[in-house]
Protein chains: 2
Amino acid sequence: MSILIFGHKNPDTDSICSSLACEYLKKQMGMDVKACRLGEVRKEAEYALNYFGVEAPEFIDGVKEGDEVILVDHNEYGQSADGLEDATILEMIDHHKLGGIKTDAPLNVRMQTVGCTNTILYQMFKENKIEIPKNIAGLMLSAIMSDTLIYKSPTTTEADKEAVSALEKIAGVNAEEYALEMFKYGTSLDEYSIEEIVNMDFKEFDMEGNKVGIGQVFTLDIDSVLDKKDDFLDYINSTAYDMLVLAVTDIIKEGSYLIYKGEDDVISDAFDVNGEQGVFADGVVSRKKQLVPNLTSALK
Amino acid sequence: MSILIFGHKNPDTDSICSSLACEYLKKQMGMDVKACRLGEVRKEAEYALNYFGVEAPEFIDGVKEGDEVILVDHNEYGQSADGLEDATILEMIDHHKLGGIKTDAPLNVRMQTVGCTNTILYQMFKENKIEIPKNIAGLMLSAIMSDTLIYKSPTTTEADKEAVSALEKIAGVNAEEYALEMFKYGTSLDEYSIEEIVNMDFKEFDMEGNKVGIGQVFTLDIDSVLDKKDDFLDYINSTAYDMLVLAVTDIIKEGSYLIYKGEDDVISDAFDVNGEQGVFADGVVSRKKQLVPNLTSALK
């Protein structure tokens, strides 16, 4: 039976792509391996798989005694396949903290303090002098751009950037432009209604006697929200809140577009912007640390 | 404060030498590190340190909160420094099974299924293009020859042999000849009396109504035992056992020299040898699986 390679439960782009990249690497090294996944493919990873024409790893709902496995992008029982305690872990490739797994026999472990598992895999391809095919390079690059949030994450290292710089040549894409499209697709709100988006992550506050609601969504598909600004306003204005702010947060630009029920002046005061529907509040990404305190003082 | 590098408690040659080799490597990479040890230097490692003129790592009796550490040749709390739970593990380099350590932050871990930690360190020197000085190469080679029992251990891999092949050129020694001298010194019985050696690991058996005692010592310093064969016989013959066998086991030759109270014929029958004092019983290394059953049937 093939050695099973899988990332963590509720797999992100790194878990999906590292299982596939590792599968290719190990096959080239003569091993009988199979990439698997422990959950649904999310939209972001789906974009990468479709773009580079690679099939998703096979879904498995657990492992059992006798199975030989390679863990990528995780190293904790709680995040891994059900039954892992009974299987034989041959290898782990990861970039997270150490999670307390015990084995009965020696194994290969490679953990590095880099932004993404695929950065480690890139180094392993190089060390073993194995050429990375175009589609695998594309997946690896997708994962690194995802995990490092286009290098904005504090976990980003020079090794991640070096890997992407080499991988984008092989994959034939501009990594940043490609990643923005991937994030846009991955964070698309198309399947949600106006009401669902406003209430997706919504909290209510009392500010100086005013009943204030703040909703926040993280997306890079900003246009599709701003294009429906009037529909959002119709719904927002129909609510019973004295003030309601929907913050559409762009994690790459690191700021939020604001659609609101309330006075323009309050928004102007709170965020030092020209108060108008859809205005971009630069640097405002946290409800707790920015939206709430700023609005509270502006309402005083 | 320097980052502390140490191997396991009750350190063997690999734990001592890997802390020193790792110290040199990391210093060359610009890190402020210090090699330490968690216990006494055993005679085998002492031989290597003396031969290559390197001071032993500093003894520490534990670590505390705020200490930053690199673990070599082990990865379990139980084998490591007291207080390790409170310290910060920055890196682990090892070749054993995974021992269940948990960390709060990502770290570098390098575990490979090779015979010795110094084989991994050798690869790290190469990957980082750092030249290995003669004395460090000597220590690394000592550790690999020790852990692999001059390649006789089933844990030995091609990677271990490749490392030694390169290291012996740098160290300017013949690895096998050097290792035999190191083992001889490390397993020397010079400090023990005849009586202590016979009783060091002694068990009594009833075989067909005969009271039989079997002592076993592992040493490569065979000559110093055989030179005193008559003194051993004087003591052995003075005991009340019907039969007493002292097996002086040579782990490299994989057999035992036998000094005994009893009939030559029984020894001849039991081990298919020419029964005489000091005879070498080829392949006989286990008391439980060979000495006891063979003697029992010969006495029938």
Side-chain angles (χ1 to χ4, degrees), chain A residues 3 14 29 31 68-80 84-85 87-117 119-120 122-129 147-148 153-160, chain B residues 3 14 29 31 68-80 84-85 87-117 119-120 122-129 147-148 153-160:
Chain A
I3 296 161
D14 191 22
M29 294 170 77
M31 288 169 73
E68 294 184 312
V69 308
I70 295 175
L71 307 187
V72 289
D73 196 32
H74 74 300
N75 79 100
E76 297 195 24
Y77 289 117
Q79 297 170 3
S80 198
L84 183 64
E85 292 85 349
T88 303
I89 305 173
L90 297 183
E91 186 165 352
M92 302 188 336
I93 304 163
D94 192 20
H95 65 123
H96 295 96
K97 63 197 175 77
L98 198 57
I101 282 181
K102 282 188 186 192
T103 64
D104 294 330
L107 73 170
N108 295 301
V109 180
R110 180 140 172 178
M111 293 174 58
Q112 293 175 222
T113 51
V114 293
C116 180
T117 307
T119 300
I120 307 172
Y122 167 72
Q123 294 178 3
M124 293 171 74
F125 270 100
K126 254 180 61 175
E127 287 161 15
N128 290 288
K129 297 187 175 54
D147 265 15
T148 63
S153 163
T155 59
T156 310
T157 66
E158 279 309 309
D160 299 303
Chain B
I3 296 161
D14 190 23
M29 295 170 79
M31 286 170 75
E68 293 184 313
V69 308
I70 295 175
L71 308 187
V72 288
D73 196 33
H74 74 300
N75 80 100
E76 296 196 25
Y77 288 117
Q79 297 171 1
S80 196
L84 183 65
E85 292 84 348
T88 302
I89 304 172
L90 297 182
E91 186 164 351
M92 301 188 338
I93 303 162
D94 191 19
H95 66 124
H96 295 96
K97 64 198 176 76
L98 197 57
I101 282 181
K102 283 188 185 192
T103 64
D104 295 331
L107 74 169
N108 296 300
V109 180
R110 179 141 172 178
M111 293 174 60
Q112 293 175 223
T113 52
V114 292
C116 180
T117 308
T119 300
I120 307 172
Y122 167 73
Q123 294 178 2
M124 293 171 76
F125 270 99
K126 255 180 61 175
E127 287 161 14
N128 290 287
K129 297 186 177 55
D147 265 16
T148 64
S153 162
T155 58
T156 310
T157 65
E158 280 307 309
D160 300 303

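Residue numbering restarts at 1 for every chain, and letters A, B, ... go by the order of the sequence lines.
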* To do: Write out, in numerical order, the residues from residues 109-116 of chain B with a heavy atom short of 4.5 Å from a heavy atom in chain A.
  => B:V109, B:R110, B:M111, B:Q112, B:T113
* **Contacts with chain B made by residues 100-108 of chain A (heavy-atom distance under 4.5 Å), listed by residue number** => A:G100, A:I101, A:K102, A:T103, A:D104, A:A105, A:P106, A:L107, A:N108
* Asked: So how far is it from B:E127 CD to A:Q123 CD, rounded to the nearest 0.5 Å?
  -> 9.0 Å
* **All side chain to side chain donor-acceptor pair (under 3.5 Å) counterparts of B:E91, not counting sequence neighbours** => B:K26
* Asked: What residues, two or more places apart in sequence or in another chain, satisfy side chain to side chain donor-acceptor pair (under 3.5 Å) together with A:N75?
  -> A:D94
